[in-house]
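Input: a single structure, listed below in structure tokens.
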Amino acid sequence: MLEYDPLACLPSSEELPDSDDTPLDNELQDLIPGLLKAILAMAWADRMDWFFGVDMGIYYHPDLPPIVPDGFLSLGVERFYDENLRPSYVLWEERKVPILTLEVVSRKYRGEYSTKKQEYAKLGILYYVVYNPTRRRKARLEVYKLVNNLYQLQDENPVWLPEIGLGIGMERGTYLGIPREWLYWYNQQGERLLTPEEQAKLAQQEAQQAQQRAQLLAERLRSLGVDPDSL
């Protein structure tokens, strides 16, 4: 008997466009999710079961255009397939809906609080994060959790995301030499995870301190008549 595989009839990620050709109209739409991805790459360096996409299309239906959030996180998927990486994120290939999507609001409204919110809820995406840097009277960071098919606003900053094992929040800092408010990941104690720049600076400081301790020890040994180079 001929076996029918419905997935074989659907286009693959290599056959689908890798974006919607809509240019970013705000540099933060690239930098903020890029920072979150870079922090994860350091924090989860030994894990290969996650993927963070930046300005990448999520295909959920073969006859419809993809949804393209500024950033999204999926768990339980391969971090990468091969050296060419993913051209797009295709649900019928991945078989995992992203657990979190991120939208950075620009001056050009793109339906972050209406159509996109509804689309993500229909897909079953657990967390929807919206960052609006231009807001003055309302919260700039909103984290929604899907409960009974409706998004409920979480009020904390940072917001703990137990299904991910991290929190997400905002605070002022410096990234790529730019001092401003950024989004970061946090541990369960509310401590911010360091950026790659901060980790490199910390490692350099620790190396310098270790060198200073070695020099002091060498000087102490010489004062006692011991040649440290002979040890």
Side-chain angles (χ1 to χ4, degrees), residues 24 26-56 69-77 79-80 98-106 112-113 116-117 120 125-147 151-210:
L24 299 176
N26 186 322
E27 192 176 7
L28 292 178
Q29 292 171 328
D30 176 65
L31 292 180
I32 287 177
L35 173 57
L36 291 172
K37 181 175 184 176
I39 296 172
L40 273 187
M42 299 290 289
W44 290 353
D46 297 329
R47 291 181 53 175
M48 300 301 293
D49 63 342
W50 63 276
F51 176 74
F52 195 98
V54 177
D55 190 35
M56 176 180 286
D70 293 322
F72 68 89
L73 172 66
S74 284
L75 300 180
V77 299
R79 187 168 172 186
F80 57 85
I99 193 169
L100 178 147
T101 54
L102 165 69
E103 294 288 352
V104 179
V105 181
S106 67
E112 288 86 356
Y113 299 102
K116 285 195 172 183
K117 190 176 179 182
Y120 294 146
I125 294 172
L126 184 60
Y127 290 105
Y128 177 40
V129 180
V130 185
Y131 177 63
N132 190 338
T134 63
R135 274 187 166 180
R136 295 293 179 266
R137 297 183 179 180
K138 294 184 178 181
R140 291 184 297 280
L141 177 64
E142 295 180 332
V143 179
Y144 296 91
K145 184 174 185 179
L146 193 63
V147 180
Y151 279 122
Q152 294 184 1
L153 181 63
Q154 313 296 296
D155 293 329
E156 302 85 1
N157 181 42
V159 177
W160 177 246
L161 315 173
E163 297 83 0
I164 298 175
L166 291 172
I168 191 168
M170 63 180 184
E171 65 177 85
R172 293 196 65 83
T174 301
Y175 175 55
L176 299 179
I178 305 170
R180 71 171 318 278
E181 184 179 78
W182 296 99
L183 301 190
Y184 298 97
W185 299 109
Y186 295 78
N187 63 22
Q188 195 166 8
Q189 290 71 45
E191 300 166 335
R192 178 170 68 81
L193 303 191
L194 298 180
T195 69
E197 292 173 314
E198 291 169 336
Q199 292 196 38
K201 184 177 181 180
L202 180 61
Q204 183 181 28
Q205 291 173 345
E206 291 175 346
Q208 291 174 345
Q209 292 171 357

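In this text, all values refer to a predicted model and were calculated from it rather than measured experimentally.
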Sorted by chain and residue number, the side chain to side chain contact (heavy atoms under 4.5 Å, CB included) partners of Lys145 (sequence neighbours excluded) come out as Leu126, Tyr127, Val147, Gln154, Glu163
Determine the sole option in Tyr113, Tyr120, Tyr131 for which the side chain to side chain donor-acceptor pair (under 3.5 Å) test with Glu103 is passed. Tyr120
Taking the side chain as every heavy atom from C-beta outward, state whether Tyr128 and Leu146 have any atom pair closer than 4.5 Å. no
Examine Lys117 relative to Tyr144 and say whether NZ or CZ is less than 6.0 Å from the centre of the six-membered ring and inside a 45° cone about the ring axis. yes
Check whether any side-chain heavy atom of Leu183 sits under 4.5 Å from a side-chain heavy atom of Leu141, and report yes or no. yes
To check you understand the geometry: which heavy-atom pair defines the closest contact between Tyr151 and Ile125, and what is its length? OH-O, 2.7 Å
Which donor-acceptor pairs under 3.5 Å do side chains of residues 165-174 form with protein atoms, sequence neighbours excluded?
from: Glu171; atom 1: OE1; to: Tyr186; atom 2: OH; distance (Å): 2.8
from: Glu171; atom 1: OE2; to: Arg192; atom 2: NE; distance (Å): 3.4

Describe, in one word, how the ring planes of Trp185 and Phe52 are oriented to each other, choosing from parallel (under 30°), tilted (30 to 60°) and perpendicular (over 60°). perpendicular
Sequence neighbours excluded, which residues qualify as side chain to side chain contact (heavy atoms under 4.5 Å, CB included) partners of Trp182? Leu28, Leu31, Ile32, Leu35, Tyr175, Ile178, Arg180, Tyr184
Sequence neighbours excluded - side-chain hydrogen bond (donor to acceptor under 3.5 Å, both in side chains) pairs with any residue from residues 32-46: none
Using every non-hydrogen atom in the two residues, find where Ile164 and Leu100 come nearest and quote the distance to one decimal. CD1-CD1, 4.0 Å
Any chance you could lay out the side chain to side chain contact (heavy atoms under 4.5 Å, CB included) test for Thr195 and Met42, step after step, and finish with the verdict? CA-CA 8 Å; Thr195 69; Met42 299 290 289; over 6 Å; no
Minimum heavy-atom separation for Gln29 to Val104, with atom names? NE2-O, 3.2 Å
Which atom pair, heavy atoms only, marks the closest approach of Met48 to Phe80? CE-CE2, 3.2 Å
With sequence neighbours excluded, tell me which residues meet salt bridge (Lys or Arg N to Asp or Glu O under 4.0 Å) with Arg79. none
Write down the atom of Pro33, the atom of Gly71, and the distance for their closest heavy-atom approach. CB-CA, 4.1 Å
Listing request: all salt bridge (Lys or Arg N to Asp or Glu O under 4.0 Å) pairs with a residue in residues 129-139, at least two apart in sequence or in separate chains. Arg135-Glu142
Please walk me through it: do Asn157 and Arg140 pass side chain to side chain contact (heavy atoms under 4.5 Å, CB included)? CA-CA 11 Å; Asn157 181 42; Arg140 291 184 297 280; over 6 Å; no
Take Leu40 and Leu73 through the test side chain to side chain contact (heavy atoms under 4.5 Å, CB included) and record every step on the way to the result. CA-CA 10 Å; Leu40 273 187; Leu73 172 66; 3.9 Å; yes
Heavy-atom closest pair, residues Glu198 and Leu194: OE1-CA, 3.4 Å
